[in-house]
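Data first, discussion second: the structure below is written as C-alpha cells.
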Number of protein chains: 2
Amino acid sequence: MGLTRTEIFTEEQNQLSSWLKAMAHPARIAILQRILISNTCICGDLVDELGLAQATISQHLKELKNAGIIQGTIEGVSVCYCINPTTWKLLQSKLGGFFDSYKGEVNCC
Amino acid sequence: MGLTRTEIFTEEQNQLSSWLKAMAHPARIAILQRILISNTCICGDLVDELGLAQATISQHLKELKNAGIIQGTIEGVSVCYCINPTTWKLLQSKLGGFFDSYKGEVNCC
DNA sequence: AATTAATATCGCAATATTACGATTAATAAT
DNA sequence: ATTATTAATCGTAATATTGCGATATTAATT
C-alpha cells in the first residue's frame with residue numbers, strides 16, 4: 001500500500017490526474033502564473049520573488065518539467081523556462097471537455 | 001519541513017491548488033466522470049465499478065466533499081453524491097481564465 | 001429487539017511529498 | 001587559472017497520501 005494503483009484506471013485518467021497533480025501546489029501555481037505573465041521566458045528570478053529556497057524552487061520546476069507542462073533551455077549560466085505549448089493546449093482541451101460535460105443541476109442532493 | 005508553506009501564497013493560489021489536489025488522483029477522476037455521466041446522483045455503486053476497497057472509495061469521496069467539489073445527502077441507508085454546482089462553475093471559470101491567459105508561443109525555449 | 005445494508009471511521013504499513021542546507025556542475029567574468 | 005554566479009542534485013527530517021482490514025455507525029427491514 002501507499003502507492004496509487006494506476007493499473008486499474010485508464011491511460012487518460014492517469015494522464016489527466018498526473019497533470020493536475022503537477023499543478024496542485026501553490027508554489028507551482030505561482031510559478032506558472034509568473035511564466036504566463038512575463039509571457040517571455042523567466043529564469044531564476046523566482047527564487048527572489050517567491051519566498052522559497054533555491055533547492056525547493058528547482059524541485060518544483062523539475063516536477064512541472066517532468067509532467068511536460070513547462071520546458072527549459074540553458075541560456076548561458078541561467079536556465080530559461082516557458083510553457084510547453086503542446087501540453088498546455090492538450091490539457092486545456094481535456095479539462096475543458098471534462099468541465100463542460102456537467103449538464104446543470106439536476107434537482108437532487 | 002514536509003508541510004506546504006501556504007502562508008507565503010495568495011488565498012487564490014492556495015484555493016486553486018487545493019481544488020486541483022482534490023482532483024489529482026485517477027480514482028477521483030474516475031469518480032467524477034461516473035457522477036458526470038449518470039448526470040443524476042449516484043450512490044455506492046462505485047465500490048463495484050472501480051476496483052478499490054470500500055474504505056478507500058469512502059476516503060476519496062470524503063476528499064472530494066471536503067474540497068467542496070461534490071456534495072452528498074443521506075438517502076435512507078445509502079448516500080447520494082453529486083456535483084456541487086457552485087464550486088464546479090467557479091473552478092471551471094478560474095481554470096478557464098488560467099489557461100486562457102497563455103498567449104501563444106513566443107519564440108524562446 | 002435483532003438483523004441486514006450501506007457508509008464512515010480507525011489504525012496501520014508502505015510510499016510520496018515538501019522543504020532546505022550542503023554540495024556539485026557548468027558557464028561567465030576577472 | 002581563479003573566482004563568482006546560477007541552477008541541479010543529494011541527503012535528510014517532517015509530514016501527507018494511499019490503500020485496506022477491522023470496526024463502528026446509521027437506518028431500514030424482519
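We name chains A, B, ... by the order of the sequence lines, and we start the count at 1 in each one. Reckoned from all heavy atoms, side chains included, excluding hydrogens, waters and symmetry mates.
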What is the nucleic acid contact for B:Leu52, judged by heavy atoms within less than 4.0 Å: base, sugar-phosphate only, or nothing? sugar-phosphate

Under the 3.5 Å rule, do the base of C:dA19 and the side chain of A:Gln59 count as making a donor-acceptor pair? yes

Counting only side-chain nitrogens and oxygens, does A:His60 get under 4.0 Å of the OP1 or OP2 atom of C:dA19? yes

In residues 49-59 of chain B, what donor-acceptor pairs under 3.5 Å come from side-chain atoms, sequence neighbours left out?
from: B:Glu49; atom 1: OE1; to: B:Arg34; atom 2: NE; distance (Å): 2.6
from: B:Glu49; atom 1: OE2; to: B:Arg34; atom 2: NE; distance (Å): 3.3
from: B:Glu49; atom 1: OE2; to: B:Arg34; atom 2: NH2; distance (Å): 2.9

Quick one, give me the B/S/- string for nucleotides 22-30 of chain C, reading 5' to 3', where B means a protein heavy atom under 4.0 Å from the base and S means that only happens at the primed atoms, P, OP1 or OP2. B----BS--

Indicate, with a heavy-atom threshold strictly under 4.0 Å, whether B:Thr4 touches base, sugar-phosphate, or nothing. sugar-phosphate

Residue-level proximity of residues 17-36 of chain A to DNA chain C when a heavy atom falls under 4.0 Å: A:Lys21, A:His25, A:Arg28

Difference in axis direction between the ends of the helix from C:dA1-D:dT30 to C:dT30-D:dA1, five pairs, 10°: 10°

Summary of salt bridge (Lys or Arg N to Asp or Glu O under 4.0 Å) pairs that have at least one residue in residues 54-69 of chain B, sequence neighbours excluded: B:Arg28-B:Glu63

Between C:dA6 and B:Ser78, is there an OP1 or OP2 to side-chain N/O distance shorter than 4.0 Å? no

Has B:Thr56 got a side-chain N or O lying under 4.0 Å from the OP1 or OP2 atom of D:dG19? no

Can you tell me if A:Tyr81 touches the phosphate of D:dT6, counting only side-chain N or O atoms and a distance under 4.0 Å to OP1 or OP2? no

Minimum-distance nucleotide (side-chain atoms of A:Ser58 versus C:dA19, D:dA8, C:dT7): D:dA8

What pairs meet the ring-ring contact (aromatic ring centres under 6.0 Å, His included) rule with one or both residues in residues 7-64 of chain A, with sequence neighbours excluded? A:His25-A:His60

